[in-house]
Structures are given as structure tokens and as C-alpha cells.
Amino acid sequence: MIKPAYIFSLTVLLLGACTSPATVVEETSTQPNIIFLMTDDQRWDNLGCYGRPEFNTPNIDKLSSDGVTFDNAYYAVAVCMPSRVTMLTGRYNSNHNVGFVAPNDYTLSQADFTKSYPALLKTAGYRTGFVGKVGFTVTNEATRPSTPKEHHYREQMGGVFDYFAGSETYDHKGLVTWPEKDSVLSGIYSEGRENTGRTLRTGEAMLRFLDTQPADQPFCLSVNFYAVKHDRDRDVYWPHFEPYKDHEFAVPDNWVEGDNEALPEVVKENARGVYLHRQRSSTPEMYQRLVRRFATQGYSVDEQVGLLMQKLEEKGILDNTVIIYTSDNGRFQGSHGLFDKCLLYEESVKAPFIVYDGRKPKAQQQRRENALISSVDVAPTIVSLAGLEPSASMQGRDISGVLDQTQDMTQWRDAVLMEDLFLVDMFKERYKENVDEINQKLIDENKSYRSRGIRMDRWKYIVFYEHTPQIEELYDLAQDPSEQNNLADSPEHQEILKELRKRTEELYQQAI
């Protein structure tokens with residue numbers, strides 16, 4: 001186990017974005033380093049610092065206790081490709097249109113990629129690095145489908161990243177690395193090398209970036225772990241499984257054995273999460289098997305976080321580094337009788353979000369923060385932390401004022417917008433030329449469960465807007481945090497329902 005004995009002072013690295021050439025707000029002799037750490041499919045409460053100590057994450061917990069931990073962070077969209085692009089560009093899914101299915105099934109154009117946060121920081125003099133899962137495709141122009149067979153990372157992303165070790169989904173398939181002359185980097189992934197596990201390889205490439213970092217240049221490093229998604233034998237680093245192999249994990253109170261009859265009919269009949277729950281998490285035995293493997297992978301990530309902190313301390317740069325830790329989306333793991341993500345219940349859309357700023361004294365950190373923030377805030381925040389002015393095209397808000405407690409919270413947002421534009425039947429047909437026709441047919445047949453909604457401090461509202469008639473859900477999360485009692489038909493809640501319905505439409509119109 002890596003002991004969390006380091007002193008945190010890291011750079012923030014987030015996948016975020018900007019739009020036009022960034023403006024330097026002020027000249028600084030030492031711009032902060034920025035490190036963005038993102039896991040894949042890690043549910044917010046599968047961490048010790050979010051109330052589940054049975055998930056053994058001592059280094060992330062230390063980062064949390066020494067930094068600012070957000071208890072109300074939410075994904076603007078909770079599925080990997082569009083979520084990653086939202087954090088990269090600072091734009092909502094319905095605005096950037098990068099997703100898995102029509103009509104929002106475009107690649108990210110080169111023009112939009114050059115407005116992303118790493119591109120803006122590189123233009124401003126930062127050394128930029130990327131390690132891990134990319135999860136989206138950049139092309140010269142936005143094209144369909146968003147999941148082409150070839151990705152051309154060097155051609156399309158080489159102008160933004162100085163250092164790269166990335167692939168679409170697995171590091172044993174289609175991985176590309178540069179600088180090409182870095183034999184140590186390429187050796188980490190060599191076929192003949194002993195298999196140390198995908199998370200350990202990601203960690204090694206991350207540390208190699210720091211070992212090759214010039215002392216006189218700020219850096220922005222994005223590390224997108226492949227873990228904790230997938231649970232096949234090859235995805236797990238088995239030496240880390242031993243403490244979990246016989247552990248009985250607590251079962252959430254909204255976990256459902258078998259089918260959940262309370263779900264909307266359109267969800268029960270069409271959503272991927274329903275049949276995946278039957279296959280993967282619908283019995284106590286299935287649940288324990290999966291969560292043990294997810295916990296093992298979470299611990300493997302935690303070990304890399306510890307190694308990262310040690311390396312930063314050894315190099316003497318902790319006190320000029322900002323670190324952001326999050327995931328790309330949550331996962332149900334049997335809650336609500338669902339597996340997968342996408343749908344707008346808390347297990348899917350609530351995010352772990354931790355920021356440690358090594359430049360700040362501990363008295364200004366070491367706290368929990370209740371402000372509502374969104375994944376769309378990542379890009380403008382990173383750009384701002386680098387001393388640059390966020391672009392007007394970024395739709396999120398710079399949270400640096402929340403971090404240093406200079407933000408007038410009476411002027412802060414009271415709601416965050418969330419979208420789910422994924423349909424599994426459309427995903428199956430994504431390579432067909434007539435995808436728009438197929439999409440309209442699903443809507444006409446009342447099989448669409450696309451939804452949007454808002455999360456407020458107390459209330460959650462969801463509308464399945466393509467269904468006829470529209471299906472609405474309303475939850476009082478102060479009284480019902482597990483979202484078991486839909487109040488949309490409650491006579492005494494009609495006024496708040498109307499208010500949230502209107503607010504959701506207002507925020508959606510702003511997003512598009």
C-alpha cells in the first residue's frame with residue numbers, strides 16, 4: 001500500500017475546453033501546473049472520502065482531506081464520450097453534438113478541438129500531456145458516425161499534446177505514443193513485457209511525463225484511467241484483489257433484486273441498463289462479485305495517485321500544482337434495478353470532484369463544499385487557473401471563486417442541467433446511413449427514453465421529453481435521497497413541479 005504521507009501541492013489537470021485564443025489575465029512568474037485525473041465509470045460513493053471506507057482509497061482520501069471536496073457535483077451528461085467532450089470543451093451535449101447516437105452523433109471537429117483547454121494552455125506556453133483512454137474522435141470536420149474505425153491520434157491531436165500515450169478503449173488495442181524517440185515510454189506498453197495491469201501502466205506513463213518535464217515550463221497533464229470500467233479477469237490487477245476477495249460490501253437501500261417494476265415502462269422495455277442488470281447485478285452474488293472487482297480497480301487507481309504525489313514532492317513542485325480528481329460518469333451497480341449509466345438518477349449523474357491547490361495554505365482548503373457545480377465547469381475553471389480568460393463560447397462557470405471562497409454565493413447557480421441522449425437501439429444502428437430515419441421511427445413508436453432535467457439543492461426533476469405523453473419525475477432529495485418516491489402526480493407538489501418544468505426548459509434553451 002502506498003502511504004498517503006505526501007504533502008499535496010499539485011497542478012490541476014482537467015479535460016476542459018475553451019473557444020477562441022485565450023487572453024492572459026495577468027502575468028505570473030510561475031504559472032501553476034495542472035493535473036486532471038479522471039477515472040472511467042467510478043460511482044461517486046465508491047470512495048472512502050465520500051462515506052464508503054470499505055472502498056480502500058487512502059491516497060484519494062488524503063487528497064480530499066487536504067483539498068476542497070465537492071458534495072454537489074453533477075455530470076451535464078453521464079456517458080463516456082459526450083461527458084469527456086463536455087469537460088474538454090466546456091459545452092453541453094446538445095451544443096457540441098458529440099455522442100454515440102443520432103442526431104447527436106458527430107465527431108469533434110479540429111476547429112473545436114483547438115479551442116479545448118489543453119489547446120489553449122499549449123498556446124499559452126504550457127507543456128501538455130495526455131495518458132489513457134481518449135474516448136472520442138477528432139476529425140478535420142465534424143462527421144458521422146462519431147465512432148469511426150480509425151482515430152489518427154498523431155495526425156489530429158499531435159498539434160495539441162506534446163506527450164501522448166492513448167487509445168480509444170483499451171491500452172492493448174490501438175495505443176499510440178509520442179514522442180516516438182522516447183523508448184522508455186514505448187517500453188511501458190511493449191508486448192513482451194510482463195503484464196503489470198492497465199492501471200499500473202497508465203501510472204508509469206504518467207510518471208514518465210513528470211520525469212521528462214523541463215524545470216522552467218508549466219505543464220498540463222490529463223490522465224484518463226481505463227479503470228474502473230470493465231471487470232473481466234484481464235482488467236483486474238490481481239495482487240490488489242486479495243483484501244476484497246471475501247469482503248461483503250454494504251448493499252445500497254435502493255438496490256433491487258430482479259426487475260424493478262417502479263421504473264417507467266419506456267425504460268423497462270427499452271433501456272440497456274435493465275437487461276444488463278438482469279445479467280450482471282440482479283442477485284446478491286452478482287452484486288458482490290462486481291463490486292469487489294470495482295473496488296480492486298479503485299484501489300489500483302488510488303495507488304497511482306499516491307505515486308504521483310510522491311513524485312511531485314520529490315521534484316519539489318507540489319506547491320505550484322493543482323490537482324483535480326473526478327470520473328466521466330457514475331454507474332448504477334443494481335440501484336433502481338439498473339446497471340450502466342446515462343439515466344438521470346443520482347448514482348449515474350452525481351460526480352466525485354476533488355480539487356487540491358498546492359499554492360494555497362491549508363486553512364483555505366481542507367473543507368467540504370456544497371455549491372452546485374457541473375462537469376461543464378471543468379474547462380473554464382482550468383483555463384482560469386492557468387491565468388487565462390475563459391472563452392465566451394464556454395457554457396460552464398469558472399469555479400475558482402468557489403474554491404478560494406471569494407465567490408458571492410447569492411449570485412451562484414441554483415440548478416444544474418443534465419441530459420441523457422443515449423438510446424441503445426440507436427447505438428446498435430449507428431453505422432447505418434439512414435440513422436435519422438431510424439431515430440424518428442423509434443420516437444414515433446414511443447420507444448425513446450431520452451430525458452433531461454435539473455438538480456437543485458433539494459429537488460430533482462426529470463422529463464422523458466420524446467415520449468407521448470411526456471413522463472415526468474420529481475424527487476424531494478432532502479426527504480428521499482434514494483429517489484424512491486416520484487412526486488410528479490402528487491397534488492400538493494404541482495406548484496414546484498411547474499416551477500422545475502419551466503426552469504429545465506430555460507436552462508435547456510440556454511444550452512442549445
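Nothing here was measured: the structure is a model prediction, and the numbers come from that model.
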ask   = Does the pair Phe164 and Tyr153 meet the rule for a ring-ring contact (aromatic ring centres under 6.0 Å, His included), with working shown?
value = CA-CA 9 Å; Phe164 188 90; Tyr153 294 129; 5.6 Å; yes
request  = Begin with the C-alpha distance, continue with both residues' side-chain angles, and end with the deciding distance and a verdict on salt bridge (Lys or Arg N to Asp or Glu O under 4.0 Å) for Asp162 and Arg127.
outcome  = CA-CA 6 Å; Asp162 301 299; Arg127 179 183 182 230; 5.5 Å; no
ask   = Can Asn254 and Glu347 be said to form a side chain to side chain donor-acceptor pair (under 3.5 Å), step by step?
value = CA-CA 10 Å; Asn254 62 359; Glu347 295 78 13; 2.7 Å; yes
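Classification of Arg368 and Asp71 as a salt-bridged pair holds, one side-chain N sitting under 4.0 Å from a carboxylate O. At a threshold of 4.0 Å, the pair Glu346-Arg455 counts as salt-bridged, since one of the basic side-chain nitrogens sits closer than that to a carboxylate oxygen. Using a cutoff of 4.0 Å between basic side-chain nitrogens and carboxylate oxygens, Glu168 and Lys173 are not scored as salt-bridged. In this structure, Arg198 pairs ionically with Asp235, as a charged nitrogen and a carboxylate oxygen lie closer than 4.0 Å. Here Arg503 pairs with Asp414 in a salt bridge; the nearest charged N to carboxylate O distance falls below 4.0 Å. Salt bridge status for Lys311 with Asp211: present, with a side-chain N to carboxylate O gap under 4.0 Å. The residues Lys315 and Glu313 are annotated as not salt-bridged, no charged nitrogen and carboxylate oxygen being separated by less than 4.0 angstrom. The existence of a salt bridge linking Arg331 and Asp40 is excluded, since no basic side-chain nitrogen approaches an acidic carboxylate oxygen closer than 4.0 Å. Taking a cutoff of 4.0 Å between a charged side-chain nitrogen and a carboxylate oxygen, Asp182 and Arg208 qualify as a salt bridge. Classification of Arg154 and Glu180 as a salt-bridged pair holds, one side-chain N sitting under 4.0 Å from a carboxylate O. Looking at Asp171 and Lys133, no side-chain N of the basic residue comes within less than 4.0 Å of a carboxylate O on the acidic one, giving no salt bridge.
Under the 3.5 Å distance criterion, the side-chain polar atoms of Gln217 are matched with a main-chain donor or acceptor of Gly125. A donor-acceptor contact shorter than 3.5 Å links the side chain of Gln110 to the backbone of Gln156. Looking only at distances, a side-chain donor or acceptor of Asp377 sits under 3.5 Å from a matching main-chain atom of Ser374.
Aromatic ring centres of Phe130 and Phe161: separated by under 6.0 Å. Tyr226 and Tyr170 have their aromatic ring centers separated by at least 6.0 angstrom.
Once rounded to the nearest 0.5 Å, the distance linking CD of Gln304 with CG of Leu37 reads 11.0 Å.
Residues satisfying the ring-ring contact (aromatic ring centres under 6.0 Å, His included) criterion with Tyr475, sequence neighbours excluded, are absent altogether. Legend: residues meeting ring-ring contact (aromatic ring centres under 6.0 Å, His included) with Tyr163, ordered by chain and number and at least two apart, are Phe209. Partners of Phe100 according to the ring-ring contact (aromatic ring centres under 6.0 Å, His included) rule, which considers only residues two or more places apart in sequence or in another chain, are Phe427.
By the 6.0 Å contact criterion, CG on Asp404 is enclosed, its count of non-hydrogen atoms from other residues, nucleotides or ligands being greater than 12.
Of all heavy-atom pairs between Lys229 and Cys80, the closest is NZ-SG, 4.2 Å.
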